[in-house]
Amino acid sequence: MTRKVKIPLSTKFALTFVPLFLIAMLMTIYAVHRTVTLQFTERYQNDLQMSVNAVERELKNRQQSIERQLQQLVSRIQDDHEFRLYASVLENLNHPYIVDYAPMYMTTMGLQALEIIDERGVVLSLGQYRSAFGGDARGLVRNIVEADTGITLVRFDYPDGYKLCLSAFESFRIGNRSYYVIGGIEVDEQFLGGLQTHARNIVLLRTPDHFLSSNPDRVESAVLEEFDLTDEASDPPEWLRDEYSFSRLTASVTDRDTTTSGGIYLLHSRREHLLLLKTLNEKIAAITVVGIMFVIILAF
């Protein structure tokens, strides 16, 4: 005959109480951890979206500023009787007054590129490359008009190559003839630096044949050349994905021959977000260990 083991009441209480308490405690800790983590992540996503919106808004503001300057220039040209005389009446398009018109106003307007083009696509005056007047700009006008994005980057010819500029476009008429004015400001490292919403963020410009970084000391072009930023299916280096989140603004990149797609990228630092999550996990882990020890001691 087997002898029944008599379990003390305190042991029964401990065996019943400890699992229930542990389950309740762990479920509470999990719920708190999930809630706080989601709040941190949501705040990070909101910060990221606000930064992207700020960059896009700043680009549009600068482009609209160029448009207003071009509109003022158009009004000045339409009221300029000497310009009308040489361009429309005498058709002396090589007259120094016409040729020097864009160089005379480009610097005072704060632009790095300015072209005046007639309806045939003939360049009447270039501010950035005076001696190149008389060239064919029909393709450039057509590509800018057909661009389907609000952010327009134009490759302007310079004596030593070309410069990529954030640009705007205006058309006007003198008599029965149409004319076009295209102007822009150069997109360089300083320009991209002005788009940064936070010191730890980085703004990149990537086109098929152009790369710029607002902070080349932190993200060098050689590192990013191993993948194609313009291809959304291409993944950045793992260390870059761990440290930054990517957001992309599409821009059209045009010149006298072609129009391609480019990207302006905001690399939003994840360091603060990851540090908050790490601190949170450490504190919750410490609370869990202390809680389990307390339950065990209390049970005994």
Side-chain angles (χ1 to χ4, degrees), residues 59-188 191 251-259:
L59 284 170
K60 290 182 178 179
N61 288 341
R62 296 192 185 192
Q63 197 164 22
Q64 290 171 358
S65 176
I66 299 171
E67 290 176 358
R68 288 191 295 269
Q69 290 176 307
L70 295 184
Q71 289 167 0
Q72 293 173 359
L73 178 62
V74 165
S75 298
R76 185 179 291 113
I77 293 175
Q78 290 176 318
D79 294 336
D80 191 329
H81 299 293
E82 198 167 355
F83 186 97
R84 296 167 65 97
L85 173 65
Y86 291 119
S88 297
V89 180
L90 300 178
E91 296 187 7
N92 185 4
L93 303 181
N94 295 333
H95 192 278
Y97 188 82
I98 300 293
V99 175
D100 291 334
Y101 210 90
M104 180 171 55
Y105 286 102
M106 184 184 75
T107 304
T108 59
M109 294 171 66
L111 303 177
Q112 281 77 53
L114 181 63
E115 297 188 11
I116 303 174
I117 305 165
D118 70 6
E119 61 186 2
R120 299 167 300 169
V122 177
V123 179
L124 304 181
S125 180
L126 290 87
Q128 72 280 4
Y129 193 0
R130 181 188 181 281
S131 61
F133 67 92
D136 185 0
R138 287 174 296 177
L140 178 61
V141 173
R142 181 182 64 252
N143 292 336
I144 293 178
V145 171
E146 294 176 352
D148 59 354
T149 180
I151 302 174
T152 302
L153 305 176
V154 177
R155 296 188 189 95
F156 287 99
D157 293 329
Y158 272 72
D160 55 351
Y162 76 88
K163 289 184 179 180
L164 195 65
C165 297
L166 177 69
S167 304
F169 170 88
E170 288 291 328
S171 62
F172 63 98
R173 295 185 67 84
I174 296 179
N176 59 353
R177 294 186 178 181
S178 297
Y179 297 85
Y180 309 98
V181 177
I182 305 172
I185 53 178
E186 184 182 3
V187 179
D188 54 13
F191 178 93
S252 66
V253 183
T254 186
D255 55 22
R256 301 184 190 279
D257 301 316
T258 60
T259 297

Undergrad: Between the side chain of Ser125 and the main-chain N/O of Ala102, is any donor-acceptor distance below 3.5 Å?
TA: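 Such a contact is found between Ser125 side chain and Ala102 backbone.
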Undergrad: Do Glu115 and Gln128 come close enough that some side-chain heavy atom pair is under 4.5 Å?
TA: yes
Undergrad: Does any non-hydrogen side-chain atom of Leu140 lie less than 4.5 Å from one of Val154?
TA: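 In short, these two side chains touch, coming nearer than 4.5 Å.
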Undergrad: Is there a donor-acceptor contact under 3.5 Å from the side chain of Asp257 to the main chain of Gly139?
TA: no
Undergrad: Evaluate the side-chain hydrogen bond (donor to acceptor under 3.5 Å, both in side chains) criterion for residues Tyr180 and Asp118: first the C-alpha distance (whole Å), next the side-chain angles of each, then the deciding distance (0.1 Å), finally the verdict.
TA: CA-CA 6 Å; Tyr180 309 98; Asp118 70 6; over 6 Å; no
Undergrad: Does a sphere of radius 6.0 Å around CZ in Arg130 hold more than 12 heavy atoms from other residues, nucleotides or ligands, not counting ones at 6.0 Å or beyond?
TA: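 Correct, the count exceeds 12.
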Undergrad: Are any of the side-chain heavy atoms of Ile116 and Val123 separated by less than 4.5 Å?
TA: no
Undergrad: Treating Arg84 as the side-chain partner and Ala87 as the backbone partner, does any N or O pair qualify as donor plus acceptor under 3.5 Å?
TA: no
Undergrad: Side-chain contact test, heavy atoms from C-beta onward, threshold under 4.5 Å: evaluate it for Val187 versus Leu153 and give yes or no.
TA: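 Yes. Closest side-chain heavy atoms under 4.5 Å.
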Undergrad: Any side-chain heavy atom of Arg76 within less than 4.5 Å of one from Phe83?
TA: no
Undergrad: Identify the two heavy atoms, one from Asp136 and one from Arg138, that lie closest to each other, and give their separation to 0.1 Å.
TA: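 The pair with the smallest heavy-atom distance is OD2-NH2, 2.8 Å.
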Undergrad: Going by the rule side chain to side chain contact (heavy atoms under 4.5 Å, CB included), which residues pair with Asn94 if we only count those two or more places apart in sequence or in a different chain?
TA: Asn92, Phe133
Undergrad: Do the ring planes of Tyr101 and Tyr97 sit parallel (below 30°), tilted (30 to 60°) or perpendicular (above 60°)?
TA: perpendicular
Undergrad: For residues Thr152 and Gln63, report the shortest heavy-atom separation together with the two atoms involved.
TA: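 Between these two residues, the closest heavy atoms are N-NE2, 3.3 Å.
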Undergrad: On a heavy-atom basis, which atom in Arg155 and which in Asp255 lie closest, and how many Å separate them?
TA: NH1-OD2, 3.1 Å
Undergrad: Are any of the side-chain heavy atoms of Gln72 and Ser75 separated by less than 4.5 Å?
TA: no
Undergrad: Any heavy-atom pair between the side chains of Leu126 and Leu114 that's under 4.5 Å?
TA: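 No - every pair of side-chain heavy atoms lies 4.5 Å or more apart.
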Undergrad: Is the shortest side-chain heavy-atom distance between Val253 and Thr259 below 4.5 Å?
TA: no
Undergrad: What verdict does the side-chain contact (heavy atoms from CB on, under 4.5 Å) test give for Ile182 and Ile144, after you've listed the backbone C-alpha separation in whole Å, the side-chain angles of each residue and the deciding distance to 0.1 Å?
TA: CA-CA 9 Å; Ile182 305 172; Ile144 293 178; 3.6 Å; yes
Undergrad: Give every donor-acceptor pair under 3.5 Å between a side-chain atom in residues 165-172 and any protein atom, sequence neighbours left out.
TA:
| unit_1 | atom_1 | unit_2 | atom_2 | d |
| --- | --- | --- | --- | --- |
| Ser167 | OG | Cys165 | O | 3.0 |
| Glu170 | OE2 | Gln71 | NE2 | 3.4 |

Undergrad: Step by step, work out the salt bridge (Lys or Arg N to Asp or Glu O under 4.0 Å) result for Arg256 and Asp157.
TA: CA-CA 9 Å; Arg256 301 184 190 279; Asp157 293 329; 3.2 Å; yes
